[in-house]
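Structure, as structure tokens:
By convention here, the first residue in the shown sequence is residue 1.
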Amino acid sequence: MTKDMLISRRAVIASGIALGVSGFAPLARAAAPLKVAGIHASPVENAWNSCLHKALQDAAKEGVIEYVFSEGVSGTDYPRAMREYAEQGNKLIIGEAYAVEKEARQVAADYPDTAFVLGSSGEQAGDNFGVFGTWNHDGAYLAGMLAGKMTKSNVVGSVGAIPIPEVNMLINAFAAGVKAVNPDAKHLVSFIGTFFDPPKAREAGLAQIDAGADILFGERIGTADAAKERGIKSVGSLIDYTPRYPDTVFANAMWYFRPILDAAIADVAAGKPVGRNYTSYGLMKEGGSDIVFVKGVAPADAEAAMEAKRAEIKAGTFEVPKMMDEPK
């Protein structure tokens, strides 16, 4: 990403009075919305980035923040984008450190008065580098429970991005949900080697269908295209794909970034360090994730069993296993 690209970025700027800070010093009365920048490695239509983008846009519309962003930022340009947004006076920078874990922490150390809260497989660093994970594995497990009772071939498939811990955990949770109700089911797994390549995800899905899968879990966008093409069912992840694929996607493991964003904004506004892990705000029991599904597609007894387990998860009496090893 060149400097010209940063300058010409699309921006959402909210009007009104809301939260504002100088560094990490709290103010009794804010004079302007908090300046927040989003740095997206993929286009904002990518499912994961769209979750962040929507939460940030909603906060801007409410006058809570003033939001600018860049999308499609390569790993080599990512640290530069972080520096430029910090130098432009943004007090909170939201993004992802998966491809630049070491470099992102170095940038944060160089800008101690700027808060950085990034998606990461690593830990927080110092007072101003916070992390969050995408833990919608609760919804994936529940979707797996439905899929395990629906499959007729006894083969289901999952198409993922890269076998990093969070992606592994999500796919493993889906497989665990399947196995919980159908121990004999076979689970196929494919990784496309990138975070955004819908045609490649489609090809991976088609290969799994050719291998016998009759239900696909699409950790990556594009998987549902293969399912639609071959007339089978699919499960979506992060966002609700059913309106886009009404006869194909019957369930979605949702993830909502707003609780994480609100917690980070509150910390910055209160002058508190953001050097902590915000992942827990995205759990189902905290309202940060859930399952949405089309009733009547799965057998009634499967839906009832799933809803009972969902209630247990929300009550904290059942915890979906966190298995972060690469699924086989």
Side-chain angles (χ1 to χ4, degrees), residues 134-161 163-191 201 204-220 223-224 226-227 230-238 241 248-255 283-285 289-328:
T134 313
W135 285 17
N136 60 324
H137 60 299
D138 292 334
Y141 181 91
L142 297 175
M145 290 182 66
L146 297 179
K149 286 293 188 179
M150 291 170 57
T151 177
K152 293 180 172 58
S153 66
N154 236 25
V155 181
V156 300
S158 294
V159 177
I164 60 174
E166 283 184 341
V167 173
N168 295 342
M169 181 175 66
L170 186 62
I171 291 175
N172 285 331
F174 172 74
V178 172
K179 294 286 187 179
V181 299
N182 186 351
D184 297 326
K186 182 179 180 182
H187 180 226
L188 306 177
V189 183
S190 300
F191 293 100
L206 290 173
Q208 291 184 350
I209 296 169
D210 289 341
D214 64 354
I215 297 177
L216 298 181
F217 175 58
E219 193 275 327
R220 285 298 105 182
T223 309
R230 295 294 181 83
I232 69 168
K233 298 298 183 182
S234 180
V235 174
S237 178
L238 299 175
Y241 285 96
T248 302
V249 178
F250 70 94
N252 300 272
M254 304 293 290
W255 182 64
L283 293 174
M284 183 178 289
K285 63 183 181 180
S289 61
D290 209 337
I291 182 174
V292 296
F293 67 100
V294 181
K295 293 186 177 181
V297 177
D301 61 338
E303 289 185 4
M306 183 277 289
E307 287 285 17
K309 190 62 65 177
R310 181 178 179 225
E312 291 179 27
I313 294 171
K314 289 190 172 186
T317 58
F318 177 79
E319 185 174 343
V320 174
K322 301 179 182 69
M323 300 173 286
M324 298 190 179
D325 291 337
E326 183 174 347
K328 304 297 183 184

Judged by atom type as modelled, is there a donor-acceptor pair below 3.5 Å linking the side chain of [X] to the main-chain atoms of [Y]?
X	Y	value
Asn172	Asp325	yes
Glu219	Ser237	no
Asn182	Gly148	yes
Ser234	Leu216	yes
Asp214	Thr151	no

Rounded to the nearest 0.5 Å, how far apart are [atom1] of [X] and [atom2] of [Y]?
X	Y	atom1	atom2	answer
Ile313	Leu142	CD1	CG	4.0 Å
Ile215	His187	CD1	NE2	11.5 Å
Met145	Glu307	CE	CD	10.0 Å
Leu170	Met324	CG	CE	11.0 Å
Arg310	Met284	CZ	CE	6.5 Å
Asp138	Met254	CG	CE	14.0 Å

Worksheet item: Is there a side chain to side chain contact (heavy atoms under 4.5 Å, CB included) between Tyr241 and Thr248 once you walk through the steps?
Response: CA-CA 9 Å; Tyr241 285 96; Thr248 302; over 6 Å; no

Fill in: Side chains of Asn154 and Asp184, donor plus acceptor under 3.5 Å
no

Practice prompt. Would you indicate whether Lys285, at its atom NZ, is surrounded by more than 12 heavy atoms from other residues, nucleotides or ligands within a distance under 6.0 Å?
Written response: no

Worksheet item: Got more than 12 heavy atoms from elsewhere within 6.0 Å of NZ, Lys186?
Response: no

Worksheet entry | Stepwise side chain to side chain contact (heavy atoms under 4.5 Å, CB included) check, His137 with Met323 | CA-CA 10 Å; His137 60 299; Met323 300 173 286; over 6 Å; no

Heavy-atom closest pair, residues [X] and [Y]:
X	Y	answer
Gly144	Val181	O-CG2, 4.5 Å
Gln208	Ser158	NE2-O, 2.9 Å
Ala226	Ile209	O-CD1, 3.6 Å
Gly212	Ser153	O-OG, 2.8 Å
Leu188	Ala211	CD1-CB, 3.7 Å
Asn136	Ala253	ND2-O, 2.9 Å

Fill in: Val156 and Phe174: CA distance, side-chain angles, deciding distance, side chain to side chain contact (heavy atoms under 4.5 Å, CB included) verdict
CA-CA 10 Å; Val156 300; Phe174 172 74; 4.1 Å; yes

Practice prompt. Indicate yes or no: does Lys149 engage Asp301 in a salt bridge with an N to O separation below 4.0 Å.
Written response: no

Worksheet item: Under a 4.0 Å N-O cut-off, is there an ion pair linking Asp290 with Lys314?
Response: yes

Practice prompt. Dump the intermediate steps for side chain to side chain contact (heavy atoms under 4.5 Å, CB included) on Val235 and Phe250, then the final yes or no.
Written response: CA-CA 6 Å; Val235 174; Phe250 70 94; 3.7 Å; yes

Worksheet item: Parallel, tilted or perpendicular for Phe318 and Tyr141, by the 30°/60° rule?
Response: tilted

